[in-house]
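So the structure is just underneath, and the comments pick up after that.
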Protein chains: 2
Amino acid sequence: MENLVREKRIALGMTQDELSALLDVSRQTIISLEKGRYNPSITLAFKLSKLFQCAIEEIFIYEEE
Amino acid sequence: MENLVREKRIALGMTQDELSALLDVSRQTIISLEKGRYNPSITLAFKLSKLFQCAIEEIFIYEEE
DNA sequence: ACTTTACGTAAAGTATACTTTACTTGCAAA
DNA sequence: TTTGCAAGTAAAGTATACTTTACGTAAAGT
């Protein structure tokens, strides 16, 4: 699943470290997310949605199968 | 996290078994989801979103911490 | 040169989403 | 009264999200 985490983070002028702290996850989680190594849990998606002030669907692009 | 899976499923006149088949997950997954035993992965949330034709935010209600 | 900052990798461990199997219960219809 | 369907429980196993630690690299500042 594609995502715009990196773009949105940079748009806010934040480092991966700062973002991870705000979301209460590890920096590794942010790195892996941005690199597309795995999909987030729905709770992490909601946290990002709230922080970035946009819908989950605007951050994560779902293509079926 | 609260969710409206049961309500939306029944509104479509479907059984748990039929829903699980359409989503390609086990019936146990649907039962546990409806019972609120765990949160779905973001991919399952997207599948439900598509099937129910509404935003993820309309199915899953996120309350922080 | 060296330090700091931001980003990256690798690997092993933990938590949790999801599966599989098997058995139970309530209800409605034959 | 028994058969079948929809929903439920329980437990053990697998897949994956996420953590932790430790180390590597390139760029910018002093």
Side-chain angles (χ1 to χ4, degrees):
Chain A
M1 178 171 335
E2 296 275 309
N3 75 72
L4 303 179
V5 173
R6 188 181 204 97
E7 290 81 345
K8 303 247 179 205
R9 169 178 65 82
I10 289 173
L12 291 184
M14 300 172 55
T15 70
Q16 294 176 333
D17 207 38
E18 290 167 340
L19 180 58
S20 69
L22 281 175
L23 298 174
D24 202 39
V25 295
S26 71
R27 187 170 64 94
Q28 267 311 315
T29 294
I30 301 302
I31 290 174
S32 297
L33 248 193
E34 291 189 357
K35 288 278 164 183
R37 288 206 233 280
Y38 51 66
N39 299 322
S41 65
I42 199 176
T43 49
L44 181 49
F46 266 113
K47 284 181 183 178
L48 282 160
S49 167
K50 194 189 173 201
L51 185 63
F52 290 156
Q53 300 200 78
C54 58
I56 288 176
E57 290 84 350
E58 294 176 73
I59 308 174
F60 297 94
I61 316 301
Y62 175 65
E63 315 107 29
E64 37 244 285
E65 320 318 280
Chain B
M1 178 171 334
E2 295 274 311
N3 74 71
L4 302 178
V5 173
R6 187 181 205 98
E7 289 81 346
K8 302 245 180 209
R9 170 178 64 81
I10 289 173
L12 291 184
M14 301 173 53
T15 69
Q16 292 176 334
D17 207 38
E18 290 167 342
L19 180 58
S20 70
L22 282 175
L23 298 173
D24 202 39
V25 295
S26 70
R27 188 171 62 92
Q28 266 312 316
T29 295
I30 301 303
I31 290 174
S32 297
L33 247 193
E34 291 189 356
K35 288 278 163 183
R37 290 205 232 279
Y38 51 67
N39 299 323
S41 65
I42 199 175
T43 50
L44 181 48
F46 265 114
K47 284 182 183 178
L48 283 160
S49 168
K50 195 188 174 203
L51 185 63
F52 290 156
Q53 300 199 79
C54 59
I56 289 176
E57 290 84 350
E58 293 175 73
I59 307 174
F60 298 94
I61 316 301
Y62 175 65
E63 314 107 28
E64 37 244 287
E65 318 322 282

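Computed from a prediction, not measured in an experiment: that's the story for all the values here. These numbers come from the heavy atoms of this one structure, side chains and all, not from hydrogens, waters or symmetry mates. Protein chains get the first letters and strands the later ones, always in sequence-line order, with residue 1 at the start of each.
- Nucleotide dA7(D) holds its C1' atom 9 Å from the CD atom of Glu34(B), rounded to whole Å.
- Atom pair Lys47(A):NZ and dA17(D):P shows a separation of 16 Å (rounding to whole Å applied).
- Taking the side chain of Gln16(A) as heavy atoms from C-beta on, and the options dT9(D), dG8(C), dC18(D), the nearest nucleotide is dG8(C).
- Atom CZ in Phe52(A) sits 12.0 Å away from atom CD in Glu58(A) (nearest 0.5 Å).
- Of all nucleotides listed (dC18(D), dC18(C), dT9(D)), dC18(D) comes nearest to the side chain of Pro40(A).
- Here the P atom of nucleotide dC18(D) and the NZ atom of Lys35(A) are 18 Å apart, to the nearest Å.
- Arg9(B) contributes a side-chain N or O that, together with a main-chain N or O of Met14(B), makes up a donor-acceptor pair within less than 3.5 Å.
- Close to dT5(C), at under 4.0 Å from its OP1 or OP2, lies no side-chain N or O of Thr15(A).
- Distance, Ile31(A) CD1 to dT9(C) P: 7 Å, rounded to whole Å.
- Atom CD1 of Ile42(A) and atom P of dT16(D) are 18 Å apart (whole Å).
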Intermediate values then yes/no, side chain to side chain contact (heavy atoms under 4.5 Å, CB included), Ile56(B) and Ile42(A): CA-CA 9 Å; Ile56(B) 289 176; Ile42(A) 199 176; 4.0 Å; yes
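- Searching all strands for a Watson-Crick or G-U wobble partner of dT30(D) with both distances below 3.5 Å returns dA1(C).
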Sugar-phosphate or base contact per nucleotide [nucleotides 19-26 of chain C; S, B, -; heavy atom under 4.0 Å]: BBB-----
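- For the pair Asp17(A) CG and dG8(C) C1', the interatomic distance rounds to 13 Å; values are reported in whole Å.
- Between the side chain of Ser41(B) and the backbone N or O of Ser41(A), no donor-acceptor pair lies under 3.5 Å.
- Considering CG of Leu19(A) and CG of Leu12(A), their distance stands at 8.5 Å, rounded to 0.5 Å.
- In this structure, the nucleotide among dG8(C), dC18(C), dG8(D) sitting nearest to the side chain of Arg37(B) is dG8(D).
- Applying the 4.0 Å criterion to OP1 and OP2 of dC18(D), one finds that Ser41(A) has a side-chain N or O inside that range.
- For the atom pair Ile30(A) CD1 and Ser26(A) OG, the distance stands at 7.5 Å (nearest 0.5 Å).
- A straight line from CG of Leu19(A) to P of dC18(D) spans 13 Å, rounded to a whole angstrom.
- Minimum interatomic distance between Glu57(A) and Ile61(A) (heavy atoms only, all atoms of both residues): O-CD1, 3.9 Å.
- Look at CG on Asn39(B): it is 17 Å from P on dA15(C), rounded to the nearest Å.
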